[in-house]
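Some notes on the structure that comes next.
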Amino acid sequence: MSHPVEPVIVAIDGPSGTGKSSTSRAVAAKLGLSYLDTGAMYRAITWWMLGNGVDVADPDAVADQAGKAAIVSGTDPAAPTITVDGMDVSGPIRTQQVTAAVSAVSAVPEVRQRMVDLQRAAAVAAAGGIVVEGRDIGTTVLPDATVKIFLTASAEARAARRSGELKGAVTVAATQADLVRRDAADSGRKTSPLAKAADAVEVDTTQLTLEQVIECVVTLVEEKRAAL
Ligand SMILES: Nc1ncnc2c1ncn2[C@@H]1O[C@H](COP(=O)(O)OP(=O)(O)O)[C@@H](O)[C@H]1O
Ligand SMILES: Nc1ccn([C@H]2C[C@H](O)[C@@H](COP(=O)(O)OP(=O)(O)O)O2)c(=O)n1
C-alpha cells in the first residue's frame, strides 16, 4: 500500500556560530527544500523596535509594539531575503546594535508568538519541504519535524568563526564574551529557550569542516526519508 509522501521538515537548532545558517542553506539547496532563517526574523523585529524608539529593555513596551512590523521572509536557499514593511533589511539586521538588543526583544512572549505563527505558516506553505533554523524549532515551532539536529561547538571555535566574519573589527575575546552572554540569555529565558529537543541528533562541529557538517546532515535526512 502506498502512503502519501509528506514534505520533509528539517529543524536545525543551536547557539550562535555553530554553523546553522551555512549548513541549513546548503542542505536545503542540495535536497531541493525551502530555507527559513528564524534568527533573521528576530533580528528584523529588533531592528524595527530600535528604529522606532522602543525601549528594548522594557518588555511591556516591546510587547505593546510586537504586532506593528510586517516581516516577510523569502525562502529560496539560493537567495534568502528578509523585509520589514517592504524594505530589504538583510544588511541592517547584522549590525552590532541589533545583535546586542536581539536577545531582550526575542525573550518577550508576544514577540515570540507572532514569529512562531509566521514560521509555522512558512513551513506549511513550503509544499516541497523546508529546512528551518533557530533556537526553538525542534522544541516549540515544529515539534513534529521529520529530522531534528542540534549543532554545538566550543565557545572558542564559535568566536573564532564569528570574528573571522567581522574581519578584525572586534577582538576574538570580545566576540566570545558577547556570544557567551547571548547564549546565557537565550538559554535562560522563560518562553521557549534555546534547548535541544529530546529527539534531536546532536552534532559537535568544533573539529568538523562546514562540508563535513553538511554531509552529515544530508545523510541523516536521507536515512530518515528512506525509512518513511
Ligand atoms: N564547521 C565549520 N568550520 C569552520 N567554519 C564554519 C563551520 N561552520 C560554519 N562556519 C563559519 O562560521 C561562521 C558562522 O556560521 P553560521 O552558519 O552563520 O552560524 P550560525 O548560523 O549558527 O550562527 C560563518 O562564517 C561560517 O562560514
Ligand atoms: N528561533 C529563534 C532564533 C533566534 N532567536 C533569537 C536569539 C538569538 O540570539 C537571536 C539572533 O539569532 P541568529 O540565529 O541570527 O544569531 P546568530 O546569527 O547565530 O548570531 O535571535 C530566538 O530567540 N529564537
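When a ligand or atom number is given, it counts from 1 through the structure's own listing order.
Among all non-hydrogen protein atoms, the one lying nearest atom 16 (O) of ligand 2 is Arg135 NH2, 3.2 Å. Here the heavy atom of the protein found nearest to atom 16 (P) of ligand 1 is Ser22 OG, 3.5 Å. Nearest protein heavy-atom neighbour of atom 7 (C) of ligand 2: Asp186 OD2, 3.3 Å. For atom 15 (O) of ligand 2, the nearest non-hydrogen atom of the protein is Arg43 NE, 2.7 Å. Of the protein's non-hydrogen atoms, Thr38 OG1, 3.4 Å is the one closest to atom 3 (C) of ligand 2. Scanning the protein heavy atoms around atom 24 (N) of ligand 2, the nearest turns out to be Arg112 NH2, 3.0 Å. In terms of protein heavy-atom proximity, atom 4 (C) of ligand 1 is closest to Arg161 NE, 3.6 Å. Closest to atom 1 (N) of ligand 2 among all protein heavy atoms lies Asp136 OD1, 2.8 Å. Of the protein's non-hydrogen atoms, Ser21 N, 2.8 Å is the one closest to atom 21 (O) of ligand 1. Scanning the protein for heavy atoms near atom 11 (C) of ligand 2, the closest one is Arg182 NH1, 3.7 Å. With hydrogens left out, the protein atom closest to atom 13 (C) of ligand 1 is Glu165 OE2, 3.5 Å, a heavy atom. Of the protein's non-hydrogen atoms, the one nearest atom 6 (C) of ligand 2 is Ser106 OG, 3.5 Å.
Linking Ile, Leu, Val, Met, Phe, Trp and Tyr residues whenever their side-chain heavy atoms come within less than 4.5 Å places Leu36 and Val111 in a single cluster.
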(message) side chain to side chain contact (heavy atoms under 4.5 Å, CB included) for Glu215 and Lys30? Distances and angles first, verdict last.
(response) CA-CA 10 Å; Glu215 226 15 76; Lys30 280 198 172 194; 3.3 Å; yes

(request) I would like to know whether Leu33 and Ile130 meet side chain to side chain contact (heavy atoms under 4.5 Å, CB included); could you show each step before the answer? (result) CA-CA 5 Å; Leu33 306 174; Ile130 191 165; 5.5 Å; no

(request) Please assess Met115 against Thr38 for the test side chain to side chain contact (heavy atoms under 4.5 Å, CB included), listing each intermediate value before the final yes or no. (result) CA-CA 8 Å; Met115 294 303 115; Thr38 65; over 6 Å; no

(request) Step by step, work out the salt bridge (Lys or Arg N to Asp or Glu O under 4.0 Å) result for Asp136 and Arg112. (result) CA-CA 10 Å; Asp136 61 339; Arg112 299 205 72 78; 2.9 Å; yes

(message) Please evaluate residues Arg94 and Asp37 with respect to the criterion salt bridge (Lys or Arg N to Asp or Glu O under 4.0 Å), reporting the C-alpha separation (whole Å), side-chain torsions for both, the decisive distance (0.1 Å), and the verdict.
(response) CA-CA 13 Å; Arg94 303 288 162 196; Asp37 176 355; 3.4 Å; yes

(request) Show your reasoning for whether side chain to side chain contact (heavy atoms under 4.5 Å, CB included) applies to Lys196 and Asp13. (result) CA-CA 7 Å; Lys196 176 183 170 295; Asp13 291 300; over 6 Å; no

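Contacts with ligand 2 closer than 4.0 Å are made by heavy atoms of both the backbone and the side chain of Ser16. Within the 4.0 Å heavy-atom criterion, neither part of Met115 lies near ligand 2. Of the heavy atoms in Thr209, only backbone atoms (N, CA, C, O) come closer than 4.0 Å to ligand 1.
Using a 3.5 Å distance cut-off with no hydrogens or angles, the side chains of Ser22 and Arg161 do not pair a donor with an acceptor. If you check the side chains of Arg43 and Thr99, you find a donor sitting under 3.5 Å from an acceptor.
Across all non-hydrogen atoms, the minimal contact from Gly138 to Ala11 is N-CB, 3.9 Å. Smallest separation of non-hydrogen atoms from Ser16 and Arg182: OG-NH2, 3.3 Å.
At least one heavy atom of Pro15 sits less than 4.0 Å from an atom of ligand 1. For Gly14, the closest heavy-atom approach to ligand 1 does not fall below 4.0 Å. For Lys20, the heavy-atom gap to ligand 2 drops under 4.0 angstrom. Taking 4.0 Å as the cut-off, Gln119 does not count as a neighbour of ligand 2 on heavy-atom distance.
Heavy-atom proximity to Gly134, at under 4.0 Å, picks out these atoms of ligand 2: 1 (N), 3 (C). Set against the non-hydrogen atoms of Arg189, the atoms of ligand 2 under 4.0 Å away are 22 (C), 23 (O), 24 (N). Close contacts of ligand 1 with Gly19, meaning ligand atoms under 4.0 Å from a residue heavy atom, involve 8 (N), 9 (C), 15 (O), 16 (P), 17 (O), 19 (O), 20 (P), 22 (O). Listed by number with element, the atoms of ligand 2 under 4.0 Å from a non-hydrogen atom of Ser103 are 9 (O). Close approach to Leu208 involves these atoms of ligand 1, each under 4.0 Å from a residue heavy atom: 1 (N), 2 (C), 3 (N).
Dense packing is recorded around CD of Gln212, with more than 12 heavy atoms of other residues, nucleotides or ligands lying under 6.0 Å away.
Side chains of Arg189 and Ser106 form a contact here, defined as non-hydrogen atoms less than 4.5 Å apart.
Panel note: side chain Arg114, backbone Ala66; a donor-acceptor pair is recorded below 3.5 Å. Listed for the Thr146 side chain is a donor-acceptor partner under 3.5 Å among the backbone atoms of Ile9. Side-chain atoms of Lys20 never come within 3.5 Å of backbone atoms of Leu151 as a donor-acceptor pair (strictly under, hydrogens ignored).
Looking at Gly14, Ala185, Gly39, Ser187 and measuring to atom 13 (P) of ligand 2, the nearest heavy atom belongs to Gly39. Proximity annotation for atom 18 (O) of ligand 1: of Arg162, Gln212, Lys20, Arg162 comes nearest, heavy atoms only.
At a 3.5 angstrom cut-off on N or O pairs, Tyr42 does not count as close to ligand 2. Residue Glu133 places no N or O, backbone or side chain, under 3.5 Å from any N or O of ligand 2.
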